[in-house]
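To start, the structure itself, in structure tokens.
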Amino acid sequence: MELRRESFWQERWRSAGLARAEPRHDREKFYSVVAYPGTSGFLHVGHFRGLVYADSLNRFQRMLGKSVFFPTGTHASGLPAVTFAQKVRERDPLTIRQLEDNAVPKTEWPALEEPLAAARFLGRSYLELFGRLGILVDERAYVTTVDDDYQAFIGWQFRRLAARGALVQAPHFSSVCPVCGPVSVDASETDLSEGGDAEKITYRTVPFRLDDGRVLLAATLRPETVYGVTNLWLHPTEPLIVWHHKEVEYLVGGVAAPRLVEQHGGRLGNRVAPEGLFGRSVSVPLTGEKVPVVGSLLVDPRVGTGVVMSVPAHAPADWLAVAALSPELRARLPAIREIVSFPPLEELAASERELLGGTGSPAERALRATGAARLEDEEALEEATQRLYRLEFQRGRMTVHALEGLDVAPARDRVARELATAHAGLDLLEFSKRVVCRNGHEVVIRRVPDQWFVRYGDEEWKSKTRALLSRMSIFPAEYGRELPQVLDWYDDRPCTRRGRWLGTPFPADPSWVIEPIADSTFYPAYYVVRPFVASGKVPLSALSDAFFDRVFLGEGAGEPSLPRELQEEVRAAFTHWYPLDVNIGGKEHKRVHFPVFLYTHALLLPEALQPKALFVHWWVTGGGEKISKKQVSSKGGAIPPIRQAISEYGADALRLFYLTAASPGQDVEWETRVVEAARIRLADVERLVREMRSGGSGAAPELDAWLFSELHEVVRRSREAYAAYQFRDAAELAIGHVPSLVRRYLVRGGAPGPGLERASDLWVRLLSPIAPHLAEELGEGRFDSLVAAQPFPSTDELALDDRAKAAEAYLQQVEDDLQHVLGPSITRGDVPGEVIFYVAAGWKTEVEGWLRELTELRSGTVPVKEVMARAQAHPEVSAFRGEIPRYVQRVAPLLRSESPAPKVDEAHVLRSATGYLLRRFRFTQMSVYAENESEPHDPLGRRERSRPGRPAFYLVPGGAHKP
RNA sequence: GCCGGGGUGGCCGAGUGGCCAAAGGCGGCAGACUCAAGAUCUGCUCUCGCAGGAGUUCCCAGGUUCAAAUCCUGGCCCCGGCACCA
């Protein structure tokens with residue numbers, strides 16, 4: 001099939017209105033969505049996996065006679081389009097390459113420098129690409145999240161959430177570029193040039209008061225160790241800065257000071273040289289003990305507050321630093337105290353035992369185990385620290401009086417709380433690594449005192465969501481097992497941002513913009529409304545809360561400016577398409593989109609309208625990683641742009657690749673040779689179908705009966721596969737299994753004719769959800785409509801003929817055996833001879849039947865006696881008493897792992913296949929005897945070998961035998 | 001550490017008690033076709049055997065079973081999430 005024919009068929013589907021969803025109350029419906037793409041740039045081959053799954057499923061459902069609704073939209077909210085536009089403005093090389101790859105004329109570039117325009121443009125380009133892959137989308141429902149009507153919908157949704165108590169305001173720490181505004185720190189790095197994988201770390205601060213009233217503010221991740229502090233460390237030369245906060249003068253490092261101001265307010269004061277502090281005492285919070293301040297190079301001024309608690313018994317670095325102190329200094333420190341104990345050694349794992357072997361403090365023992373002897377042994381010291389900290393947290397128990405008997409983990413929380421109550425409780429948040437925004441500024445963490453949250457942590461709401469989940473089907477099942485746990489840890493989520501984001505203004509305070517995850521939890525509902533708005537039937541001005549209450553909730557009298565019937569029509573459309581049958585998305589949605597989607601539906605809709613299934617698929621990867629834009633290029637990049645891939649391999653080949661390269665719960669590596677192989681498989685299918693129709697006399701009725709029986713099974717299994725979201729199986733049946741059946745039919749002497757004509761028409765329909773373009777091409781002129789509008793094959797169409805199937809299975813077994821014996825000589829074209837078959841005598845069937853019964857009764861032993869007893873009572877079998885014991889000995893062990901031989905007239909099957917067998921194995925002659933026929937030619941005594949379903953045969957050397 | 005998923009032939013990847021030496025694809029080998037290459041077609045692709053057989057395999061070690069890639073126990077390793085940590 002020529003690839004340009006694909007666009008021809010796409011046009012035909014369009015003009016036939018195949019994708020247009022009309023509520024049909026006389027039919028079942030099917031409504032699915034794919035998580036809509038964001039607008040960070042052009043789509044690549046990694047984006048289409050879910051869409052192809054969805055389209056195949058939708059096409060299947062359509063062929064079942066259902067009315068199908070498949071809308072899409074574009075998720076333009078947030079920063080991606082802003083960043084994209086900016087990169088266009090800057091003529092960023094990678095972005096320019098994308099524009100060129102996607103054939104965007106230079107004259108249009110200036111328009112894309114504006115974020116909204118860029119978002120809309122990208123969205124249209126997505127829609128166009130969907131079409132090119134043959135994905136049927138109802139474009140009348142297409143919407144972007146920056147459209148006015150969508151924003152009216154989101155406004156309603158948030159007012160509804162607020163009315164149900166689902167929103168709350170609380171302080172929050174969010175990532176901000178001090179110059180450019182809020183940014184999102186995540187792996188996609190849309191807003192960043194560096195540090196997308198950074199995590200937020202929360203240090204607890206611990207105030208140590210000097211006798212002059214100033215406070216040295218230490219930062220720690222292990223506040224419970226305050227009970228083991230012997231001194232404070234400061235960097236020997238780095239100056240400190242005074243931080244004035246609520247009447248207190250804190251002394252902190254120069255890096256931490258501005259961070260603390262971002263997060264807690266206050267103002268900065270003078271610099272203070274550290275020298276003046278060395279040797280002075282500070283008092284330890286909670287214990288009141290006095291400890292000295294000491295200088296040490298172990299302090300990294302960039303981390304924490306630059307004021308470090310020294311806990312030598314439990315921190316290897318502190319132990320080393322204390323050991324290095326002069327004796328005079330050393331003498332001023334209080335005794336080193338151990339504050340944590342461990343379970344007895346025998347209860348620990350080997351690696352833990354090794355760490356804690358020997359004597360001395362835990363820090364000392366860890367140092368010994370790792371071989372770290374000096375602060376400069378960075379690697380070993382790091383290992384000692386990591387392992388000890390982890391072990392203390394997991395297995396340690398507090399021994400200090402105030403916390404005695406508590407495990408370390410709860411002790412840590414308790415001390416943190418006590419410090420917060422007794423003192424200011426000023427946490428310090430820090431990134432785990434440098435984070436830099438797109439424009440090169442370092443990103444900071446800023447306290448936002450009045451952040452809006454969606455209350456996903458609310459227990460009542462959560463349990464409603466759990467209940468919804470328990471009623472749903474989740475594919476693949478592993479994700480279903482994972483989801484309850486995801487809900488367990490789900491907590492309140494910030495839902496608004498301030499800054500130059502695209503999105504809907506937050507209703508209660510329009511200075512906030514609703515953030516991108518939060519505006520995409522209920523959109524399948526809006527798709528139903530959108531066509532009414534797009535067509536002008538419902539004006540933008542009518543999209544009031546009263547309207548949405550009426551349509552989605554069935555509450556209230558509706559929007560007064562709209563005719564009542566119209567609103568009821570929209571309401572009816574909503575209740576027709578809802579509940580959503582399935583939401584399809586990639587694995588990146590497992591912990592973000594899908595949970596909030598469930599939450600929102602659980603809250604807003606009654607049970608009957610809540611979604612029915614989730615389907616999650618893994619990624620298409622390049623080089624083992626999620627495909628990045630950098631890899632995608634028309635000029636020799638590892639991965640071609642989707643446009644190029646389509647024109648090179650064709651939409652159907654790409655679809656087949658997505659459907660068959662791996663099961664959904666598995667990443668699949670993009671490999672052009674595999675896509676190429678898919679293209680070739682399709683070409684084979686096409687050739688074969690054309691051959692099937694080349695006219696001819698057909699085949700023997702038994703062969704047709706066999707083929708139809710096999711196809712009957714194929715149809716049944718296909719339907720089961722789609723129902724279970726096993727797209728790979730469905731595709732493999734249509735593309736792999738059917739051709740092998742047809743080839744067998746042909747090779748068995750079947751010729752094109754009525755049987756194959758019929759089979760081909762069925763096959764074409766089977767292909768339609770998988771390779772829809774090819775199916776149309778092969779179905780052209782053979783149906784009363786487009787193939788995509790034909791009914792999916794039904795098992796009723798073809799009779800299941802067990803006898804025909806059994807006969808063919810028997811013949812294949814015989815062929816396998818012959819093939820095995822003849823081996824590669826056939827390929828080599830060696831001179832074959834004559835073959836003589838000996839079909840097993842009837843008594844063998846009888847005996848095997850008995851054996852099957854008996855072996856079930858007495859496993860393990862060979863029941864010769866029982867068989868003989870039965871044989872005595874059986875006149876026909878008893879005639880062969882002499883042969884039975886040997887036969888039973890040989891066959892009994894085999895039966896356990898064999899299924900019963902098909903019941904067929906073996907001699908008849910072999911004789912009817914004579915021509916075929918002669919041809920296939922190039923025998924010169926072939927004859928068939930019954931084993932107990934009077935005088936078959938059998939010089940080697942082969943006939944004794946025969947078993948039911950496994951005839952014995954004798955390959956006459958050189959074909960010398962003449963009967 | 002907790003939870004979830006996994007470890008299969010040269011590679012990718014199906015397979016969850018017996019029709020499994022294990023689908024399909026990729027790669028490799030041989031043959032057909034071709035002036036040739038490519039594409040295509042056919043066969044082979046764990047070891048031994050060359051009369052349809054035998055042996056050894058599905059991370060490792062045990063176990064259950066007449067029968068284990070599949071079930072159980074223990075261990076090692078990998079991935080994801082959470083927790084923890086620097």
Side-chain angles (χ1 to χ4, degrees), chain A residues 199 201 203 221-222 300 303-304 315 317 349-350 352 381-383 385-395 408-409 412 430 432-433 476-486 488-490 587-588 590-591 618 624 656-657 660-663 665-669 671-678 680-681 683-684 687 726 728-729 731-733 735-737 740 743 747 809 813-829 835 855-856 858-862 892-902 920 940 942 945-947 949-955 957:
Chain A
E199 294 169 52
I201 295 166
Y203 286 89
L221 294 159
R222 305 197 301 159
D300 180 344
V303 175
E352 296 172 339
L381 181 57
E382 178 69 19
E383 188 200 332
T385 305
Q386 292 243 14
R387 284 172 63 184
L388 181 61
Y389 282 16
R390 162 182 279 242
L391 181 60
E392 293 197 346
F393 177 76
Q394 284 164 2
R395 309 298 301 266
V408 167
R412 180 166 300 174
E430 228 173 69
S432 57
K433 53 164 65 176
E478 298 91 291
Y479 180 48
R481 282 190 281 276
E482 212 175 326
L483 253 176
Q485 197 192 309
V486 174
D488 282 347
W489 58 255
Y490 234 75
K587 67 176 176 182
E588 70 278 18
K590 290 203 295 179
R591 275 157 205 88
W618 270 235
L656 188 57
F657 169 77
T660 57
S663 43
Q666 183 102 35
D667 286 338
V668 48
E669 181 74 5
E671 281 185 84
T672 48
R673 57 183 186 167
V674 179
V675 184
E676 175 63 17
I680 290 166
R681 292 179 83 186
D684 286 347
R687 217 183 1 253
Q726 309 273 2
R728 183 193 169 98
D729 292 348
E732 209 50 67
L733 281 168
I735 303 288
H737 190 56
S740 71
R743 291 211 176 88
V747 108
Q813 177 64 57
V814 173
E815 287 175 64
D816 283 353
D817 286 347
L818 283 169
Q819 172 77 51
H820 204 104
V821 172
L822 290 166
S825 67
I826 297 170
T827 330
R828 286 201 308 267
V835 64
T855 43
E856 276 166 27
R858 331 169 93 227
S859 44
T861 52
V862 178
L894 302 173
L895 287 179
R896 273 199 282 269
S897 56
E898 281 179 5
S899 34
R920 159 143 196 220
L940 296 185
R942 300 277 318 155
R945 266 196 82 85
S946 64
R947 289 182 52 202
R950 309 284 296 269
F953 47 82
Y954 171 43
L955 295 168

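Each chain gets a letter, A, B and so on, in the order its sequence line appears, and its residues count up from 1.
- If you take atom P in B/G55 and the same atom in B/U8, they sit 26 Å apart, rounded to whole Å.
- Side-chain proximity of A/Arg950 to B/G53, B/G81, B/G5: nearest is B/G53.
- A/Arg673 places its CZ atom 13 Å from the P atom of B/C11, with the value rounded to the nearest Å.
- In this structure B/U40 sits in a base pair with B/A32, meeting the Watson-Crick or G-U test at under 3.5 Å.
- Mapping A/Phe953 and A/Ala661 onto RNA chain B by nearest heavy atom places A/Ala661 at the nucleotide closer to the 5' end.
- Side-chain contact between A/Leu221 and A/Tyr389 is absent, with no heavy atoms from C-beta onward closer than 4.5 Å.
- Residue contacts for A/Ser432: at a heavy-atom cut-off of 4.0 Å it reaches a base atom on one of the strands shown.
- Taking atom C1' on both B/C19 and B/U70, the two are 15 Å apart, rounded to the nearest angstrom.
- Salt bridge status for A/Arg681 with A/Asp684: absent, with no side-chain N to carboxylate O gap under 4.0 Å.
- With distances taken from any side-chain atom of A/Ile680 to the nucleotides B/A39, B/C26, B/G24, the minimum falls on B/A39.
- For B/C84, there is no paired base (Watson-Crick or G-U wobble, both distances below 3.5 Å).
- When the P atom is used for both B/A23 and B/U45, the distance is 11 Å, rounded to whole Å.
- When rounded to the nearest whole Å, the span between NE2 of A/His737 and C1' of B/A14 equals 15 Å.
- Going from atom CD of A/Glu676 over to atom P of B/A39 covers 9 Å, rounded to whole Å.
- Under 4.0 angstrom from either OP1 or OP2 of B/C82 there lies no side-chain N or O belonging to A/Gln485.
- Note on A/Glu199: a base of the nucleic acid sits closer than 4.0 angstrom, heavy atoms only.
- Residue-level contact check: A/Arg687 touches the backbone only, with heavy atoms under 4.0 Å from sugar-phosphate atoms and none from bases.
- A sub-4.0 Å separation between OP1 or OP2 of B/G5 and a side-chain N or O of A/Gln666 is absent.
- Within the nucleic acid shown, A/Pro476 has no heavy atom closer than 4.0 Å to any nucleic acid atom.
- Inter-residue side-chain proximity for A/Val674 and A/Phe657 is flagged as met; some heavy-atom pair is nearer than 4.5 Å.
- For B/A22 and B/G43, the P atoms lie 16 Å apart once the distance is rounded to whole Å.
- For A/Phe393, whose side chain is taken as the heavy atoms from C-beta onward, the closest listed nucleotide among B/A14, B/G52, B/A83 is B/A83.
- For B/A68 and B/C59, the C1' atoms lie 16 Å apart once the distance is rounded to whole Å.
- The backbone N or O of A/Glu430 lies less than 3.5 Å from no partner atom in the side chain of A/Tyr203, so there is not a single donor-acceptor pair.
- Taking every side-chain heavy atom of A/Arg945 into account, B/G52 is the closest of B/U40, B/A51, B/G52.
- The same atom, P, is picked in B/G5 and in B/A54; the two are 38 Å apart, to the nearest Å.
- When rounded to the nearest whole Å, the span between OH of A/Tyr490 and P of B/A83 equals 13 Å.
- For A/Ser946, the side chain to side chain donor-acceptor pair (under 3.5 Å) partners two or more places apart in sequence, or in a different chain, are A/Lys844, A/Glu931.
- Between A/Arg481 and B/G5, a side-chain N or O to OP1/OP2 separation shorter than 4.0 Å is present.
- Residues A/Ile735 and A/Thr660 have side chains not in contact (no heavy-atom distance under 4.5 Å, counting atoms from C-beta outward).
- Across the C1' atoms, B/G31 and B/G80 are found 48 Å apart, a figure rounded to whole Å.
- Proximity note for A/Val674 (side chain, C-beta onward) versus B/C41, B/G25, B/G4: the nearest is B/G25.
- Applying the Watson-Crick and G-U wobble criteria (two distances, each under 3.5 Å), B/C66 pairs with B/G18.
- Checking B/G4, B/C26, B/G24 against the side-chain heavy atoms of A/Glu732 singles out B/G24 as nearest.
- Looking only at side-chain heavy atoms (C-beta outward), A/Lys590 and A/Trp618 come within less than 4.5 Å of each other.
- Taking every side-chain heavy atom of A/Leu955 into account, B/A51 is the closest of B/C26, B/A51, B/G13.
- For A/Arg728 and B/A14, a side-chain-to-base donor-acceptor distance below 3.5 Å is absent, hydrogens and geometry of angles not being considered.
- Of the inter-residue distances, the one linking A/Leu656 atom CG with A/Glu732 atom CD reads 7.5 Å to the nearest 0.5 angstrom.
- Across every strand in view, B/G53 sits in a pair with B/C48 that passes the Watson-Crick or G-U test at under 3.5 angstrom.
- Look at the P atom in both B/C26 and B/U34: the space between them is 25 Å, to the nearest Å.
- Shown here, B/G10 forms a base pair with B/C26; the pair counts as Watson-Crick or G-U wobble because both key distances fall under 3.5 Å.
- Closest to the A/Asp817 side chain, of the nucleotides B/G52, B/G25, B/G5, is B/G52.
- Contact annotation for A/Asp729: no contact, since no heavy-atom pair falls under 4.0 Å across all strands.
- Side-chain to base pairing of A/Arg942 with B/G52: one donor and one acceptor N or O lie within less than 3.5 Å of each other.
- Look at B/G74: its Watson-Crick or wobble partner, with both distances under 3.5 angstrom, is B/C60.
- Going from atom CD of A/Glu478 over to atom P of B/C3 covers 18 Å, rounded to whole Å.
- Using a 4.0 Å heavy-atom distance criterion, A/Ala952 is classed as a base contact.
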